[in-house]
Protein chains: 2
Amino acid sequence: MARAGLTAERLTQAGAELADKVGFDQVTLSALARLFDVKVASLYSHVTNSHDLKTRIALLALQELADRAADAVAGRAGKDALVALGNVYRDYAREHPGRYAAMHFRLDRETAIASAGVRHSQMTRAILRGYDLTEPDQTHAVRLLGSVFHGFATLELEGGFGNSSPDSQESWTRTLDALDALLRAWPAPE
Amino acid sequence: MARAGLTAERLTQAGAELADKVGFDQVTLSALARLFDVKVASLYSHVTNSHDLKTRIALLALQELADRAADAVAGRAGKDALVALGNVYRDYAREHPGRYAAMHFRLDRETAIASAGVRHSQMTRAILRGYDLTEPDQTHAVRLLGSVFHGFATLELEGGFGNSSPDSQESWTRTLDALDALLRAWPAPE
DNA sequence: GACTTCTACCTAATACTATTAGGTAACTTC
DNA sequence: GAAGTTACCTAATAGTATTAGGTAGAAGTC
């Protein structure tokens with residue numbers, strides 16, 4: 001019997017593609033085994049269990065997106081950088097909905113700390129250098145931007161914005177305009 | 001053998017409580033059957049299948065939250081209303097994480113249209129009356145507010161804001177301040 | 001109160017997924 | 001080519017979802 005040549009990496013990659021096709025929670029060891037024409041038990045030589053596979057997909061997605069984001073903001077500042085970062089998030093969610101969902105798979109503390117997740121907040125903080133914010137306000141702004149990017153991407157994927165006019169692309173553009181204006185005139189605490 | 005007195009409503013309610021305790025995707029017919037000390041097959045007299053149960057929990061959550069929101073914004077306007085609505089969302093997510101997750105369970109078109117989901121966007125639009133926005137800008141603002149509320153609640157639940165200082169309550173307050181300022185000075189398209 | 005009807009809950013069977021234990025044949029290494 | 005490693009296998013157990021068909025407890029009728 002010829003060997004399939006499985007590795008944890010190939011399984012992770014295939015799992016990510018499957019996630020984008022059928023949804024992250026439909027990614028099962030059984031489905032992957034079928035894909036590679038292999039018995040399910042055989043996968044346990046490469047990943048420790050289903051949870052491990054999902055963790056690997058999450059880490060892959062976090063890294064892919066962090067790489068794209070780093071690429072996008074390099075050499076940009078101010079609104080330019082803000083728009084670039086926002087678009088990277090939204091585009092990734094639309095191109096890779098399964099991986100995007102995977103990114104929000106609950107990781108245990110150590111894994112999360114060692115993940116590319118930390119680079120995400122660092123990059124968001126970096127684009128705020130183009131705006132005039134005090135230290136604690138930077139943190140608030142990082143959280144606000146993260147909320148908007150994630151919230152918008154999620155609701156758009158869910159179809160929460162319907163097919164109604166104006167189309168969501170326009171709302172997205174105006175949202176980025178609004179965030180830029182907000183960061184330039186960040187209000188003091190009341 | 002005495003009867004358990006099951007109904008679709010009791011199962012839905014119990015499912016919602018279970019979701020808050022162990023997570024929405026851990027809500028299974030098996031777990032519910034154990035809870036009521038009944039065989040799994042017996043549940044099929046009351047719900048058509050697992051998907052139906054989850055749909056019912058989602059609808060319950062949508063309605064509960066819409067009711068709370070309506071209550072909160074009644075008699076309020078402007079920033080007052082904005083803060084009240086935002087707090088209702090965030091508090092509900094923290095008190096009922098399982099139900100909050102259930103709300104984002106994918107509903108089919110008809111079910112979604114008949115759900116309390118539509119009241120949510122109506123209420124968000126209502127609080128914008130206190131601000132001076134043109135018609136299409138209102139839609140953009142509704143989407144932005146929805147994104148922020150949902151994104152913040154989700155990231156906070158996930159622990160995405162860490163335990164780091166400043167604490168997330170402060171970021172939340174400042175986020176609401178920022179949104180109010182933004183809506184009062186909504187930028188024109190560029 | 002006996003008789004019928006209804007239905008809430010049951011048993012039994014099938015199917016899919018996850019996981020572990022232990023075996024065999026295909027590669028690797030020397 | 002022999003020895004050792006391991007990729008993949010079979011077999012077994014367990015949890016969950018679903019359907020088909022049976023039984024006993026409740027409700028309604030006379």
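Just so it is clear, the structure is predicted and the values come from calculations on it, not from any experiment. Reckoned from all heavy atoms, side chains included, excluding hydrogens, waters and symmetry mates. Lettering follows sequence order; numbering is per chain, from 1.
- Atoms OH (A/Tyr44) and P (C/dT19) sit 4 Å apart, rounded to a whole Å.
- Contact annotation: B/His51 does not reach the phosphate of D/dA17 (side-chain N/O to OP1 or OP2, under 4.0 Å).
- If you measure from atom CG of A/Leu11 to atom C1' of D/dC8, you get 13 Å, rounded to the nearest angstrom.
- B/Phe36 has its CZ atom 15 Å from the P atom of C/dA8, to the nearest Å.
- Inspection of the B/Asp52 and B/Thr55 side chains reveals no N or O donor paired with an N or O acceptor under 3.5 Å.
- Rounded to an integer number of Å, the gap from CG of B/Asp25 to P of C/dA18 is 14 Å.
- Contact annotation: the side chain of B/Asp20 approaches that of B/Pro97 to within less than 4.5 Å [non-hydrogen atoms, C-beta and beyond].
- For the pair A/Leu183 and A/Asp180, the minimum side-chain heavy-atom distance is 4.5 Å or more.
- Taking only side-chain atoms of B/Arg34, from C-beta outward, the nucleotide of C/dT17, D/dT16, C/dT11 with the closest atom is D/dT16.
- Phosphate proximity of D/dG15 to B/Ser30: absent, as no side-chain N or O sits under 4.0 Å from OP1 or OP2.
- Across the protein-nucleic acid pair, A/Leu35 atom CG and D/dC8 atom P stand 14 Å apart, rounded to whole Å.
- Note: CZ (B/Arg10) to P (C/dA8) measures 13 Å, nearest angstrom.
- Of the listed nucleotides (D/dT19, D/dC9, D/dT16), D/dC9 has the atom at the smallest distance from the side chain of A/Val38.
- Summarising the geometry, the separation between NE2 on A/His46 and P on C/dT19 is reported as 16 Å, rounded to the nearest angstrom.
- Residue B/Ser45 has its side chain nearest to C/dA8 when only C/dT19, D/dT19, C/dA8 are considered.
- Looking at B/Arg90 and B/Gln169, their side chains do bring a donor and an acceptor atom within 3.5 Å of each other.
- Residues A/Thr28 and A/Leu18 are not in side-chain contact: their nearest non-hydrogen atoms beyond the backbone lie 4.5 Å or more apart.
- The CD atom of B/Gln26 sits 15 Å away from the C1' atom of D/dA17 (whole-angstrom rounding).
- Residue B/Lys39 places its side chain closer to C/dC10 than to any other of D/dT10, C/dC10, D/dT16.
- Remark on DNA chain C: of its neighbouring residues A/Ala31 and A/Thr48, the 5'-side contact belongs to A/Ala31, judged by nearest-heavy-atom nucleotide.
- In this structure, A/Ser50 reaches the C/dA18 phosphate: one of its side-chain N or O atoms is under 4.0 Å from OP1 or OP2.
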